[in-house]
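Atoms considered below: every heavy atom in the structure, side chains included; atoms not considered: hydrogens, waters and symmetry mates.
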Amino acid sequence: MVGAGISTSAGIPDFRSPGSGLYANLQKYNLPYPEAIFEIGFFKQNPEPFFALARELYPGQFKPTICHYFIKLMKEKGLLLRCYTQNIDTLERVAGLTTDDLVEAHGTFHTSHCIGTFCGEEYQLPWMKEKIFSDLIPKCDKCNSLVKPDIVFFGESLPSRFFSALKSDFQKVDLLIVMGTSLQVQPFASLVGKVPSKTPRLLINKEKTGEGDSFFGLLGLGGGMDFDSDKAYRDVAWLGTCDDGCLALADFLGWKVCAALLWLKNIRYNIIV
């Protein structure tokens, strides 16, 4: 399970860090409140702020991090069941994960759809990119309604794949690794409580998160990780950057050289391209 913290070393801000987070630096868009830029109702009435931000953060301008390539390494080792990501930057795909490897819980820029009531025409990444970087508000070629990237805004349902995959995946988990997320957004945060009761859970993050009353965990509302109490028996928090945490884990596994070489190989390839 990964969040924005795995992409910060690529130059993409996370959402909630004081001072440096995305929500702390949106004053130029004159929003009523920071989260409005990702609210579907606000978007339909005033799409310009979102598309202005999209130009700054658009996929293809950033390179995957050590953390992304560590996940790819787990796949190559035959150990990755699935990567559940909150991120919309597509860096997991750039690092080499496939659609089958991923559950993009908050959607993706990979495709877009017309939001007209009776249309729903699909558009691919190059079409959307051309519109955004031409300073145009993307409008449907068929009905002239707004076209929105297939990322999940506040007020929208998560992709159906999120719900179908978790039913089969989480009972199979031998180890749950949670990286770079505040675990504040539901229902993604609730996934930590979906694994079997004896499954170990490793948090790699700058601060402890996901802790909460076990009562809420029983309700499926997330939280419930226990790092410090006398009853703690399966949860471990490694505090620091996600890249450093992945390198430390790779070192424990005897993979550190493999992880570094994979990252260097792909960074070199990306620079040549």
**Request:** Quick one: do Glu104 and Val152 satisfy side-chain contact (heavy atoms from CB on, under 4.5 Å)? Show the steps, please.
**Result:** CA-CA 10 Å; Glu104 292 162 315; Val152 179; over 6 Å; no
**Item:** Pair Leu102-Arg161, side-chain contact (heavy atoms from CB on, under 4.5 Å): steps then yes or no
**Value:** CA-CA 10 Å; Leu102 289 166; Arg161 175 167 166 76; 5.6 Å; no
**Lys/Arg N to Asp/Glu carboxylate O, Lys75 vs Asp101, below 4.0 Å** = yes
**Fill in**
Heavy atoms of Gly3 and Gln86 approach each other most closely as CA-OE1, 3.6 Å
**Message:** When you measure from the side chain of Asn87 to the backbone of Ala4, do you find a donor-acceptor pair of N or O atoms at a distance under 3.5 Å?
**Reply:** yes
**Item:** Pairwise distance CD1(Ile37) to CD(Glu48) - rounded to 0.5 angstrom
**Value:** 11.0 Å
**Asked** In Å, rounded to the nearest 0.5 Å, how long is the span from CG of Leu203 to CG of Leu239?
**Response** 7.0 Å
**Asked** Is there side-chain contact between Asp100 and Arg82, with heavy atoms separated by less than 4.5 Å?
**Response** yes
**Asked** Is it the case that more than 12 heavy atoms not belonging to Phe118 sit under 6.0 Å from its CZ atom?
**Response** no
**Asked** When rounded to the nearest 0.5 angstrom, what is the spacing between CE in Met74 and CG in Leu81?
**Response** 11.0 Å
**Message:** Using only atom types and a distance under 3.5 Å, with no angle test, would you say the side chain of Asn205 pairs donor to acceptor with the backbone of Met179?
**Reply:** no
**Message:** Taking Phe188's backbone N and O only, do any of them form a donor-acceptor pair with Tyr84's side chain (distance below 3.5 Å, no angle check)?
**Reply:** no
**Prompt:** Are Val147 and Lys131 side-chain neighbours, meaning at least one heavy-atom pair lies under 4.5 Å?
**Reply:** no
**Request:** Find out whether Cys114 and Cys143 are in side-chain contact, i.e. whether some heavy atom of one side chain is under 4.5 Å from a heavy atom of the other.
**Result:** yes
**Asked** What closest approach, in Å, do Phe42 and Ala36 show between heavy atoms, and which atom pair accounts for it?
**Response** CD2-O, 3.3 Å
**Fill in**
For Leu91 and Ala10, the nearest pair of non-hydrogen atoms, with its separation, is CD1-CB, 4.1 Å
**Request:** Using the side-chain contact (heavy atoms from CB on, under 4.5 Å) rule, take Ile6 and Phe70 through it: C-alpha gap first, then chi angles, then the decisive distance, then the call.
**Result:** CA-CA 11 Å; Ile6 74 166; Phe70 179 77; over 6 Å; no
**Prompt:** Taking atom NZ of Lys77 and atom CG of Leu253, what is their separation to the nearest 0.5 Å?
**Reply:** 9.0 Å
**Pair Tyr69-Glu76, side-chain contact (heavy atoms from CB on, under 4.5 Å): steps then yes or no** = CA-CA 10 Å; Tyr69 286 117; Glu76 293 184 352; over 6 Å; no
**Asked** Below 4.5 Å, heavy atoms only, C-beta onward: do Cys246 and Trp238 meet side chain to side chain?
**Response** no
**Prompt:** Do side-chain atoms of Glu92 reach the backbone of Pro64 as a donor and acceptor pair under 3.5 angstrom?
**Reply:** no
**Request:** Please round to the nearest 0.5 Å and tell me the distance separating atom SG of Cys83 and atom NZ of Lys72.
**Result:** 13.0 Å
**Message:** Under a 3.5 Å threshold, yes or no: a donor from one side chain and an acceptor from the other, between His110 and Asp150?
**Reply:** no
**Request:** Write down the atom of Trp255, the atom of Leu73, and the distance for their closest heavy-atom approach.
**Result:** CE3-CD2, 3.9 Å
**Prompt:** Checking Thr199 side chain against Val173 main chain: does a donor-acceptor pair fall under 3.5 Å?
**Reply:** yes
**Item:** Any side-chain heavy-atom pair of Arg201 and Arg234 under 4.5 Å
**Value:** yes
**Prompt:** Tell me, do Phe50 and Lys148 make a side-chain contact under 4.5 Å, heavy atoms counted?
**Reply:** no
**Prompt:** Heavy-atom distance under 4.5 Å between the side chains of Ser9 and Thr241, does that happen here?
**Reply:** no
**Item:** Shortest non-hydrogen contact between Leu146 and Pro47, atoms and distance
**Value:** CD2-CG, 3.9 Å
**Complete:** d(Ile115 CD1, Phe153 CZ) to nearest 0.5 Å is 8.5 Å
**Request:** Report yes or no: does Glu130 contribute a side-chain atom to a donor-acceptor pair with the main-chain N or O of Ser134 at less than 3.5 Å?
**Result:** no
**Message:** Contact between Phe62 and Asp89 at the side-chain level, heavy atoms closer than 4.5 Å - yes or no?
**Reply:** no
**Asked** Which pair of heavy atoms, one from Met225 and one from Thr209, lies closest together, and at what distance?
**Response** SD-O, 4.1 Å
**Member of Leu183, Ile177, Thr85, Val103 meeting the side-chain contact (heavy atoms from CB on, under 4.5 Å) criterion with Met1** = Leu183
